[in-house]
Undergrad: 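Before anything else, here's the structure in question.
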Amino acid sequence: MKKSTVFVTALLLSSNVALADGHALWPTIGFQTTTATDMMEGTSGNILHVTSTDIWDYAQAPDGWPTIVEATCHNTVLTLPDGSVAGGIGVCESIDPDGDASVWYGEISPTFAYDGKLLAGSGKYEKIVGAQFTGQVTGQLQNGASIYHVKPKT
């Protein structure tokens, strides 16, 4: 169950793709490190809440945007007795190196597909509220640390 739980967690941990001042959306790479977990056990499923610190690589962002951002993410997933995931949600918040804030939301499906969007933002993020993304975990270590790729939703 740990692998699927961390996989799901990493899916939502940062989903930061944005439209910046008329520029096209850009891909982002995320690095997730779990900082806390809490499990609520039921008879037919469990609810897992995971908190993490993520680093978002904005290397492909347009001029005027930071190239690296740190976020705190909170993910809640429902897991079934066989360890599979029934679905979940995640919220990440970040204040970038310029002092601009953003809040991101994502939904996860049982097949580990996920979609999300920028819910709220200040500064440069205010102009792109509603920007949507999809993503995929591309690697995971035994300790649960993950790398994932996020891209604009088309």
Undergrad: Consider only side-chain N and O atoms of Gln32 and Ser52, and report whether a donor and an acceptor are under 3.5 Å apart.
TA: no
Undergrad: Linking Ile, Leu, Val, Met, Phe, Trp and Tyr by side-chain heavy atoms under 4.5 Å, what else ends up with Leu78?
TA: Met40, Ile47
Undergrad: In the structure I gave you, are the side-chain heavy atoms of Ile89 and Tyr105 within less than 4.5 Å of one another anywhere?
TA: yes
Undergrad: Within the side chain of Thr35, is there an N or O that forms a donor-acceptor pair under 3.5 Å with the backbone of Thr51?
TA: yes
Undergrad: Strictly by salt bridge (charged side-chain N to carboxylate O under 4.0 Å, His left out), give each pair with a member in residues 66-94 just once, sequence neighbours left out.
TA: none
Undergrad: Answer whether the closest heavy-atom distance between the side chains of Phe133 and Asp115 falls below 4.5 Å.
TA: no
Undergrad: Which residues satisfy the side-chain hydrogen bond (donor to acceptor under 3.5 Å, both in side chains) test with His149, sequence neighbours excluded?
TA: Thr138
Undergrad: Which class fits the ring pair His74 and His49: parallel under 30°, tilted 30 to 60°, perpendicular over 60°?
TA: parallel
Undergrad: For Ala101, check side-chain contact (heavy atoms from CB on, under 4.5 Å) against everything at least two apart and list the hits.
TA: Ile95, Ser122
Undergrad: Tell me if a side-chain donor or acceptor on Asp98 pairs with a main-chain N or O of Asp100 at a distance below 3.5 Å.
TA: no
Undergrad: Please list, chain by chain and in numerical order, all residues satisfying side-chain contact (heavy atoms from CB on, under 4.5 Å) with Thr67, sequence neighbours excluded.
TA: none
Undergrad: Could you check whether any side-chain heavy atom of Val69 comes within less than 4.5 Å of a side-chain heavy atom of Pro97, counting everything from C-beta outward?
TA: yes
Undergrad: Tell me, please, which residues at least two apart from Asp96 pass salt bridge (charged side-chain N to carboxylate O under 4.0 Å, His left out).
TA: Lys124
Undergrad: Compare all side-chain heavy atoms of Phe31 with those of Asp54 and state whether any distance is below 4.5 angstrom.
TA: no
Undergrad: How long is the straight-line distance from CD of Glu107 back to NZ of Lys117, given to the nearest 0.5 Å?
TA: 9.0 Å
